[in-house]
Every structure is written in C-alpha cells, then in structure tokens.
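First up is the structure itself, then whatever we jot down about it.
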Amino acid sequence: MKKNVLVLPGDGIGQEVVEPAISVMDVAAKQEGCEIIVTQGLVGGVAIDETGSPLPAETLKLAKAADAVLLGGVGGPKWDDLPMASRPEKGLLGLRQGLGLFANLRPALLSAPLASASSLKPDLVADLDILIIRELTGGIYFGEPRGIETRDNERVGFNTMVYSEHEIERIARVGFELASKRNKRLCSVDKANVLEVSQLWREVVNSIAGDYPDVELSHMYVDNAAMQLVRAPKQFDVIVTTNMFGDILSDVAAMLTGSLGMLPSASLAASGVGLYEPVHGTAPDIAGKDIANPLATILSVGMMFRYSLDIPAAANNIDKAVAEVLAEGYRTADIAGPKDDVVGCRTMGELVIERL
Ligand code: IPM
Ligand code: MG
C-alpha cells in the first residue's frame with residue numbers, strides 16, 4: 001500500500017517539528033505495511049519569500065492530489081507589516097477554504113505524567129480528555145463585508161460574523177457523531193444572548209438533536225465556556241463551536257494539558273484530503289534552536305493515520321510511543337519541571353521512534 005502525503009513545513013519552528021514527524025510517519029507506516037511518499041511544498045512566509053504568494057497555486061494543486069497534508073506553522077515577525085491579503089496566515093486560511101476543511105478537531109488530552117506541567121491544580125486536569133470541534137471555513141474569519149474604510153473623517157474597521165443553516169448543521173452533525181462515539185455529551189458554545197448569528201446557530205443545533213437521542217446536548221455562552229474550561233474542565237466531553245470562538249477556546253484547552261506544544265489537530269472536509277497540524281504557532285523566538293516540542297506534530301501524524309490514511313493501528317502505536325517517552329520522564333523545555341531530563345526537538349523525535 002502506498003500513500004501520498006504533502007508536507008508543508010512553513011515558518012519558524014515549522015521546519016524543525018515536521019522533520020521528526022516525517023520520520024515517525026515513515027516508521028509507523030512501514031510497520032503496518034504502508035509506504036508513504038512525501039512531497040514538500042511552500043506555504044506561508046517562506047512561500048511569500050520564494051514566490052510572492054502565501055499560497056502558490058502549485059501548493060493547492062499538490063494538496064488536492066495528496067491523501068493528506070501535514071503542516072508545520074505559518075507566520076512570523078518578518079511578514080507582520082504586510083497587508084492582510086498577503087500575510088502568511090492567508091496561506092493557511094486559503095488552504096482551509098480551498099480544500100473545504102470545515103471541521104477542525106482539536107483534542108485536549110492530558111497525559112498523566114504531565115499533570116504537574118499544567119497551570120491548573122493536578123486534580124482538576126488529571127485524565128482530562130476533551131475534544132473541541134471548531135468550524136473552520138466560515139464565520140467572522142471569512143465573512144463579507146470586511147475591511148477598513150473612512151467614514152465621517154475617521155477610519156472604521158469591520159468584519160462580519162455570518163453562518164448559514166447548512167454550515168451550522170454540517171459542523172453540528174460532526175459534533176453529535178463524534179460525541180456519540182465518546183462520552184455522549186455535546187456542548188455547543190455560542191453568544192446567543194447578544195448575537196443573531198448565534199441565535200440561529202443554537203436553533204439549528206437544537207433542530208437536529210432529535211437525530212442523536214443517545215447524545216446529551218447542552219448550550220453555553222462563550223464567556224462562561226472560557227471560565228468553565230479553567231474552573232472545571234472535566235465537565236466537558238465534546239465542544240462544538242464557531243471558527244473564532246474555537247480558535248480562542250482551543251488555546252485555553254491546550255494550556256490545560258501543560259503546553260501548547262502538546263496539542264495536535266485534524267482539519268477535515270466532507271470528502272477528500274485532510275490537513276494535520278500542531279495547534280501551536282511558529283514560535284519565532286525559539287526557531288532554529290532545536291528546543292521546540294515536536295510532540296503536537298507527531299500526534300497530528302497519529303490523527304492523520306486515523307482520519308485520512310485509515311491505518312488506525314499506526315495511530316495507536318504513535319500515541320503509545322509518545323505516552324511511553326513521557327512516562328519515562330523525557331521532556332522538551334516547554335513541559336519540563338525543575339527535576340526533568342530536558343531533551344531537544346530532534347532527540348524527542350528519536351526517542352519516539354525507538355519506542356515504536
Ligand atoms: C490556529 C491559528 C490560525 C487561526 C492562524 C495562524 C491563522 O491561530 O490555527 O488556531 O487563527 O486559525
Ligand atoms: Mg489559534
């Protein structure tokens with residue numbers, strides 16, 4: 001069996017974290033009788049530098065032809081002054097839109113040995129296992145009209161948060177379906193006390209709840225959800241929410257697990273290629289120093305085996321190898337306590353491969 005994976009390292013620590021992840025992918029695939037053919041492409045700031053565009057047409061073409069895409073990260077101070085339409089982030093947003101990746105799965109799992117790395121008390125987060133499902137191709141990220149213009153002699157900036165019924169329904173169904181395979185609790189997060197778009201969101205989510213009688217549905221306003229995530233995170237099983245609320249809440253959830261460096265993600269379309277990326281950014285301040293944590297990217301490769309390549313055994317093996325390395329006490333700097341063995345990015349990757 002052969003599978004094609006497009007790797008887009010991107011900027012900052014992107015290059016460093018995808019390298020060990022590619023090696024892990026290769027070994028885990030071979031163990032299950034699969035060969036992965038890796039192609040590399042450009043996205044983000046490096047793509048701007050080389051081609052003038054954050055998402056060259058060639059990259060989107062390669063992505064559409066692949067079985068899955070693995071992405072490092074995009075953005076950095078070098079490109080911060082560019083106009084909105086040509087920033088590195090547009091490369092990632094364009095990929096999400098161009099591939100129809102409307103469902104973003106961000107699981108926040110606390111591996112027991114990392115309980116003390118969390119900023120919350122260990123008993124609040126021990127065995128934490130929540131899944132945030134973020135709508136990824138709509139909402140305020142893509143809504144029109146948007147812009148900055150002059151009105152009455154001053155500049156005004158504006159964006160539009162817009163969701164149509166079909167967009168709400170398809171992401172809500174992903175939420176119900178994944179909740180029914182887990183602990184059967186789905187919490188839909190909105191701001192229906194203030195926003196019409198959220199009122200519609202809530203109505204549509206309620207209207208399909210009857211199709212999933214085994215799932216217990218609740219609703220929560222986003223401000224309360226942010227508070228509950230740091231007060232008592234274990235009350236959640238699956239959270240489904242909009243693009244921007246999901247962006248914010250998933251960073252909160254990530255910190256519960258000790259570090260943004262631990263959180264993988266999968267972005268899925270109704271059919272076709274999926275994109276896998278760590279939730280963390282490009283961390284320009286630590287780029288090139290071999291100290292970044294590659295585990296979020298390695299765990300994203302695990303999700304790739306599960307959701308796109310259909311080799312669940314490889315996914316389980318990767319999850320297990322990562323758990324073993326952590327249980328043995330190896331830590332990158334971001335998750336290390338004062339007494340821990342600190343290893344670099346490359347070494348962390350090698351340790352995972354040894355356990356595989
Ligand atoms: C994320 C990131 C992106 C987003 C940025 C880089 C455009 O923060 O994937 O969470 O806002 O979606
Ligand atoms: Mg984010």
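As a basis for the values below, the full set of heavy atoms in this structure was taken, side chains included, without hydrogen atoms, waters or symmetry mates. If you read the sequence from its start, that first residue is 1, and numbering goes on from there. Both counts, for ligands and for their atoms, begin at 1 and track the order of listing.
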Contact region, M244 to ligand 1, non-hydrogen atoms below 4.0 Å, reads neither
Note: R87, heavy atoms under 4.0 Å from ligand 1, region reported as neither
Between M348 and T332 the two heavy atoms that sit nearest each other are CE-N, 3.9 Å
In terms of heavy-atom contacts, L299 and D319 come closest through CD2-OD1, 3.6 Å
Q.
Working note: E169 + R173, criterion salt bridge (Lys or Arg N to Asp or Glu O under 4.0 Å); need CA distance, chi angles, decisive distance, verdict.
A. CA-CA 6 Å; E169 178 174 339; R173 288 199 186 277; 2.9 Å; yes
Protein heavy-atom partner closest to [atom] - residue, atom, separation in Å:
atom: atom 5 (C) of ligand 1; value: E89 CG, 4.3 Å
atom: atom 4 (C) of ligand 1; value: Y141 OH, 3.5 Å
atom: atom 8 (O) of ligand 1; value: D247 OD1, 3.3 Å

Just to check, does K90 reach to within less than 4.0 Å of ligand 1 when the distance is taken from its heavy atoms?
no
Q. Is ligand 1 less than 4.0 angstrom away from at least one heavy atom of R134?
A. yes
When you measure from the centre of the six-membered ring of [Y], is the NZ or CZ of [X] under 6.0 Å away and within 45° of the axis?
X: R170; Y: F102; value: yes
X: R151; Y: F158; value: yes
X: R185; Y: Y212; value: no

Would you check if the Mg ion (ligand 2) lies under 2.8 Å from any N, O or S atom of D251? no
N183 side chain reached by F236 side chain, heavy atoms, under 4.5 Å | no
Run the salt bridge (Lys or Arg N to Asp or Glu O under 4.0 Å) test on R96 and E277 for me, step by step, so that the C-alpha distance in whole Å, both residues' side-chain angles and the decisive distance to 0.1 Å come before the verdict.
CA-CA 12 Å; R96 290 172 178 170; E277 55 172 325; 3.2 Å; yes
> Do ligand 1 and R106 have nitrogen or oxygen atoms that lie under 3.5 Å from each other?
Replying inline: yes
Does E277, backbone or side chain, put an N or O under 3.5 Å from an N or O of ligand 1? no
Closest to the Mg ion (ligand 2), among the N/O/S atoms of D247, is atom OD1
